Amino acid sequence: MLFKEVPKNLDFPEMEHEIAGFWQKNDIIAKYLDKNKGKKKWSFQDGPITANNPMGVHHAWGRSYKDMFQRYKTMKGFEQRYQNGFDCQGLWVEVEVEKELGFKSKKDIEKYGIDKFVQKCRDRVHKYSMVQTESSVRIGMWMDWGEWKTSMDDKDWMKKSHSYYTMSEVNNYTIWHFLKKCHERGFIYEGVDVMPWCARCGTAISDMEIATEGYQELTHKGVIVRFEIIGRENEFFLVWTTTPWTLTSNTGVAVHPTLTYVKVKNNGVIYYLAKALVNVLKGEYKILQELPGKDLLGLIYKCPFNYLPAQKDVIHKVIPWEDITESEGTGIVHIAPGCGKEDFALGKEFDLKTIAPLDELGIYLPGFDWLSGKDVKDVAQPIIEDLDKRGLLYNVEDYTHRYPVCWRCNSELIFRLVDEWFISMNTLRHEIAESAKQVERWIPSYGLAHELDWLKNMADWCISKKRYWGLALPIWKCKCGHFTIIGSKEELQQRAVEGWDEFAGNSPHRPWIDRIKIKCEKCGKLTMRIPDVGNPWLDAGIVPFSTIRPPDDMHTLDNGYPYDKTYWQEWFPADLISESLPGQFRNWFYVILTMSTVLEKKPPFKVLQGYASLHDEHGEEMHKSKGNAIWSDDAAEKVGADIMRWMFAKHNPVQNLNFGYGPAKEIKRVLLTLWNVYSFFITYAEIDQFNPVNKKISESNLRKLDKWILSKLNSLIEQCDKAYDNFDLTSVVKISEKFFEDLSNWYIRRSRKRFWKSENDIDKEAAYLVLYECLVKLIRIIAPIMPFFCEHMYQNLVKNLDQNAPESVHFCDFPEPDSKRINPTLEQEISMTRTIVSLGRAARNKANMKIRQPLASMTINVPGECPGLSDDAKHTILEELNIKTVKAIGTDALSQVYMFSAVPIFDKIGPKFAKSVNKVGQWIKSLSHEKIEQLINAGSLKGTVHGETIAISKEDIEIRKIEVPGASVMIQGDYGVSIDTKLTQDLEYEGLIRELIHKTQLMRKEANFNLTDRIKIFYQTDEKLKDAITDNLDYLKSETLALEANEGLQTGEIEKTLDINGIQAKITLQRVSTET
RNA sequence: GGGCCUAUAGCUCAGUUGGUUAGAGCGCACGCCUGAUAAGCGUGAGGUGAGUGGUUCAAUUCCACUUAGGCCCA
């Protein structure tokens, strides 16, 4: 056996497991990683995946891109780092561990012990990084994984894995270095701000984190409250809010200075509100006065909760605010600077008092009377009742709006005044924008505009989190107010006055790091580290600096940035990053640009390739809670990794991808075309014992068809190379699929007889060699996209025969196109031939003439500039269409098959002929072809209708072309085909015989005869078919392998009554001999 | 309110120096092939290219505005 037999229908997952076994057994991945050592470098920077859960199909999408780009560059001979990265620290891991342990709040964590909790977080990362590595390998992602199946109590597991981990010492200390640089430029400050806050997690949620799923449609109480104006009797502001709990901290109201407000009398009371919003009033009202908002400025009022101790001595003012809209509420906006972001900013600007009512778990602080100690979640209704009791409630209604929720635990966020640490973006934002502009290419190109928009609008970066598992912010703050930022482990050791011994040997995490005390530079007192941990985007943002270090020594502090930049410089900046678009402009892209700008004043990547979101097959977002999420492993086992990868690559990355098993089936069908080609080749090459080793394609033996497919093949190589180089996988897939189609539906279909014939001549060998060439080149083109499938074919087609060939298709170079083979003229000729054939089929379809019925002749119309049809092309067309001759070919060949007919345009002839219009219309319809030609040539035509002479012009009629009887015509552009549908007796008889042969073959199959069994045919039918059989007896016998065909009835293996083009025929088949 | 993206067949989407007649897959209908066969192939129907205006000899393509949807920000 030359080749391994291949199954007719490919089971992708099964094949992939077999190939994965082969790779493992022969250490293929390691050899692949080594292949280009010492050659020119191409640098890919992996954005870390959070090692917190199994991989979803959305991860598989992105990771497939990363793998495909790197594989292509490997085939092009570049040395790469193949470094994968895991994101480890942050709230998302904590939340999962809390769930595991059944914790409800931060108190549970403190009770459990921070050290144990942190260890649990570490373990989770360890576990899921292994799970994700396995899933990545399953989908064919070849990275430098190192040793990754480590036991949970292996202390060195992180070193054994070659992936980077953002919780590593190296990563954390490099962030310290960055923060110190920021501090040296004065960017770091501790600020008070109102932040979105999750009371369950007990932490601020940064702007960056309120992502798409950070909002939910929620219903709250919208209340309208009366604010009594001081110094004006019986006059009130009407103020609307959806967060009654914030009324306790109200210190002002805002009006739009130029909008029109009204003073109205309603139920005997005077109210103020925006004119456009008077429909909120209940009952009758009378407008007493219209006034611009600015006329209300300077008034003071009684806050509804002025009895609370926290409100003591507060003056409540009216202030201007231009962002007020007339779309909802009352146009007078309640301002609580301690409970809202804009409120806080306005409060600062207009010197309002700030009252912060809640502690970090959302409980009212002392000073709020009956509310103190109550949970903010539970106070809306009591507050409304309290207001009502005191006569201050004007109205209350349900109000549904999009409201921010915690993106991890789904709790409603509140806005809370907090002390957090920030990096100021005042000057930095411009520098980052400059870096962004230096990026060579954003794919898609709108990326730069998008990033710049974010940079223009973003707030200062809040880097602190009041949590446990994360970067220990290296900030030691003294009671005197001074703070110190430590930039490295070394510096920490030098500065440590207490606690170093306890800390040494641990990673720079809580709680160990918190033991260390240093001396305040200013007052000399011992100071503690602030308890906050870092925002996790610090962790991911530093990786262009912290992770580019010698792969055999990833964890030594001083052999990489910033101590020893030798290795780092060879790989920085990255040639490519590839990540999901929607969130990353304000996340990863933003933070790596920021950190790189501070550290190196330039962008850390040259090209960014981004992609949209993955949805389910109905276009819905995937959520675990919704039940429509799909794990990568499940998808791989169900449809196969290569099918997923092909689907991913085919998709336009800017669009959301709808992933599902339905779409996967479509992909499989396309790939089965290629599989069928391969399986066809194997089947026949095996029969003929065709061995391509040491054989070369000889130009002189090639047919036109061979030259054509070789031209297509080399165009394909050229175009795919270009597309890959452009990171445009969509094009690679689309033009490859077109090639599968050309190869299968034209090259093989037209070449079948060459493979079937019994003699092994040079023509047959040429066909084998050409098909072989196409297959082995093709698999090298698409190997980066379908590593398993291509490996399978490679092993069977190449390695199986040639021990000197590279061990794996993934060690092969990307094919070089042979431009001499590319022949556009030939490609055009075949394309023309195929167009004509398809028109011929359409014409047959229209006339209801199946291919089996031979026809006498056809006429072909071709465009003027076309060089005419070669004999070869003509022959192909006739054979494909089962037609005897071509009657005419030319630019005007179809003129004879059409007749003109005219249809009156009544709009035109109506006014001309008034009452006789119907008669004229009939006359027009009856005009002959020749008369219409006259009309066309002369522009007008005279005639007699009911004794009257009339004249019509060209414009009065619509000219239609109709086919002459006996022809069926199809036109497409300048191409046209007319087939002669008239049947002579010979043609009819031949058609009958072919129908009979076809049905006899079906009977042979049904009777389970072997392909080579000889038979006898007995028939009983009418005269016409009998004549037809007599006339074509030899043909019938040779096609059906019949020794005899006789009239009469006999018993046999199978007997049937057939319908042969409407003629009944009783047929019996007898088997005469059988070969085994 | 500002920025970005999108709008093409029932569905999912292609379509560039602006140029005859806007394409594909799926689905649907009809059919072909029967030596790749629990496969393969073809043909057909289906479009006022979201709307309006502009630039141009010519606009799905360029520009402006409007509408609808999506994303980001305020």
Side-chain angles (χ1 to χ4, degrees), chain A residues 6 8-10 207-208 210-212 214 322-325 327 341-342 345 444-459 581-587 590 612-613 615 617-619 621 647 650-652 654-658 660 662-663 665-667 669-670 672-684 687 730-731 733-735 737-738 741 744-746 748-749 752-753 755-757 834 837-853 863 880-882 970-975 994 997-1002 1004-1005 1010-1012 1039 1041:
Chain A
V6 296
K8 289 288 178 224
N9 203 330
L10 177 62
D207 289 357
M208 289 190 247
I210 304 182
T212 348
E322 306 221 329
D323 286 354
I324 291 174
T325 67
S327 57
K341 233 181 159 63
E342 292 135 330
S445 55
Y446 70 76
L448 176 62
H450 213 104
E451 190 65 53
L452 291 177
D453 183 54
W454 163 256
L455 290 171
K456 199 171 79 193
N457 290 305
M458 70 190 176
L581 290 172
Q584 303 302 357
F585 287 111
R586 53 176 192 184
N587 289 334
Y590 164 56
S613 306
H615 291 175
E617 70 183 285
H618 309 292
E621 278 182 47
M647 184 184 345
K650 182 175 186 173
H651 186 74
N652 175 355
V654 177
Q655 304 263 0
N656 288 340
L657 168 64
N658 297 347
K665 224 169 139 186
E666 278 181 37
I667 300 289
R669 277 200 40 199
V670 175
L672 275 182
T673 302
L674 175 58
W675 181 260
N676 283 331
V677 169
Y678 163 67
S679 144
F680 178 92
F681 174 85
I682 297 290
T683 308
Y684 287 96
I687 291 171
T730 309
S731 294
V733 168
K734 287 192 168 161
I735 56 184
E737 286 187 356
K738 186 74 190 54
E741 208 265 340
S744 169
N745 292 338
W746 199 253
I748 293 209
R749 209 157 63 82
R752 268 190 210 154
K753 285 189 180 151
F755 294 104
W756 290 342
K757 62 186 169 189
R834 293 179 72 177
V837 167
S838 94
L839 283 171
R841 288 196 186 111
R844 269 183 170 280
N845 244 324
K846 196 163 91 176
N848 210 6
M849 285 285 182
K850 54 184 156 193
I851 303 278
R852 241 179 280 135
Q853 174 61 58
E880 284 286 320
L881 294 173
N882 194 15
M970 284 305 287
I971 306 275
Q972 186 194 333
D974 289 333
Y975 290 93
R994 289 186 67 152
I997 291 169
H998 162 63
K999 295 210 160 142
T1000 307
Q1001 304 286 32
L1002 289 181
R1004 285 183 58 116
K1005 208 167 179 180
N1010 284 332
L1011 232 51
T1012 49
E1039 286 295 314
L1041 297 186

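So you know, we letter chains A, B, ... as the sequences are listed, proteins then strands, and number each from 1. Being a predicted model, the structure only gives us computed values, none of them experimental.
The side chain of His450(A) contributes no N or O atom lying less than 4.0 Å from OP1 or OP2 of rC72(B). For the OP1/OP2 pair of rC26(B) and a distance below 4.0 Å, the side-chain nitrogens and oxygens of Arg669(A) include at least one atom meeting the criterion. The shortest distance between the side-chain N/O atoms of Asn745(A) and the OP1/OP2 oxygens of rC41(B) is below 4.0 Å. When the side-chain nitrogen and oxygen atoms of Ser744(A) are compared with OP1 and OP2 of rG40(B), none of them lie within a distance under 4.0 Å. Contact annotation: Asn656(A) does not reach the phosphate of rG70(B) (side-chain N/O to OP1 or OP2, under 4.0 Å). Distances shown here put every side-chain N or O of Gln853(A) at or beyond 4.0 Å from the OP1 or OP2 atom of rC32(B). Here Arg586(A) reaches the OP1 or OP2 of rC73(B): one of its side-chain N or O atoms lies under 4.0 Å away.
A distance of about 10 Å separates the P atoms of rA9(B) and rG47(B), rounded to the whole Å. Taking the C1' atoms as reference points, rG10(B) lies 28 Å from rU52(B), given to the whole Å. Separating the C1' atom of rG40(B) from that of rC33(B) is a span of 8 Å, rounded to the nearest Å. To the nearest whole angstrom, the two C1' atoms, one in rU12(B) and one in rU16(B), are 23 Å apart. Comparing rG18(B) with rC57(B), their C1' atoms are spaced 12 Å from each other, to the whole Å. Taking atom C1' on both nucleotides, rU61(B) is separated from rG19(B) by 11 Å, rounded to a whole Å. Annotation: rG3(B) and rA64(B) have their P atoms spaced 12 Å apart (nearest Å). Taking atom P on both rG23(B) and rU17(B), the two are 16 Å apart, rounded to the nearest angstrom.
A straight line from CD of Glu617(A) to P of rC11(B) spans 16 Å, rounded to a whole angstrom. Atoms CD (Glu741(A)) and P (rA14(B)) sit 21 Å apart, rounded to a whole Å. Following rounding to the nearest Å, Leu672(A) (CG) and rG40(B) (P) show an atom-to-atom distance of 7 Å. Taking atom CG on Asn882(A) and atom P on rG42(B), their separation rounds to 18 Å, with Å as the unit. Going from atom NZ of Lys999(A) over to atom C1' of rC33(B) covers 14 Å, rounded to whole Å. For Lys850(A) and rC30(B), the NZ to C1' distance is 14 Å, given to the nearest whole Å. Atoms CZ (Phe680(A)) and P (rC33(B)) sit 19 Å apart, rounded to a whole Å. For the pair Lys456(A) NZ and rG2(B) C1', the interatomic distance rounds to 7 Å; values are reported in whole Å.
Stems are defined here as 3 or more consecutive Watson-Crick or G-U wobble pairs with pairing distances under 3.5 Å; those involving RNA chain B are B:1-7 with B:67-73, B:10-13 with B:23-26, B:28-32 with B:40-44, B:50-54 with B:62-66.
Between Tyr590(A) and Trp454(A), the two ring planes are perpendicular [angle over 60°; tilted spans 30° to 60°]. Ring geometry for Tyr684(A) against Phe755(A) counts as tilted: the plane angle lies between 30° and 60°, on a 0 to 90° scale.
For the atom pair Gln584(A) CD and Glu451(A) CD, the distance stands at 10.0 Å (nearest 0.5 Å). Atom CG of residue Leu672(A) and atom OH of residue Tyr678(A) lie 13.5 Å apart, to the nearest 0.5 angstrom. Rounded to the nearest 0.5 angstrom, Asn676(A) CG and Thr683(A) OG1 are separated by 9.5 Å.
Interface remark: the Thr730(A) side chain does not form any donor-acceptor pair with the rA14(B) base, using a distance-only criterion of under 3.5 Å.
Asn457(A) comes within 4.0 angstrom of the backbone, heavy atoms only, and of no base. If you check every strand for non-hydrogen atoms under 4.0 Å, Asn9(A) touches nothing. Within the nucleic acid shown, Ile748(A) comes within 4.0 Å of at least one base atom, counting heavy atoms only. Among the atoms of the strands shown, none is found under 4.0 Å from any heavy atom of Gln1001(A). Gln655(A) comes within 4.0 angstrom of the backbone, heavy atoms only, and of no base. Using a 4.0 Å heavy-atom criterion, one finds that Val677(A) contacts the bases of the nucleic acid, with or without backbone contacts as well.
Heavy-atom minimum distance, Pro663(A) versus Glu617(A): CD-OE1, 3.2 Å. Asn882(A) and Gln853(A) get closest at one heavy-atom pair: ND2-C, 3.7 Å.
Closest contact between the side chain of Tyr446(A) and the listed nucleotides rA36(B), rC4(B), rG2(B) involves rC4(B). For Asn845(A), the side-chain atoms get nearest to rU43(B) when compared with the rest of rU43(B), rC4(B), rA36(B). For Ala842(A), the listed nucleotide lying nearest its side chain is rU43(B); candidates were rC26(B), rU43(B), rA36(B). Comparing atom distances between the Glu666(A) side chain and each of rG35(B), rC26(B), rC73(B) picks out rC26(B) as nearest.
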task = List the steps, then state whether side-chain contact (heavy atoms from CB on, under 4.5 Å) holds for Leu1002(A) with His998(A).
result = CA-CA 6 Å; Leu1002(A) 289 181; His998(A) 162 63; 3.9 Å; yes
task = Evaluate salt bridge (Lys or Arg N to Asp or Glu O under 4.0 Å) for Glu1039(A) paired with Arg994(A), printing each intermediate quantity in order.
result = CA-CA 9 Å; Glu1039(A) 286 295 314; Arg994(A) 289 186 67 152; over 6 Å; no
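Remark: Lys738(A) NZ is packed, more than 12 non-hydrogen atoms of other residues, nucleotides or ligands lying under 6.0 Å away.
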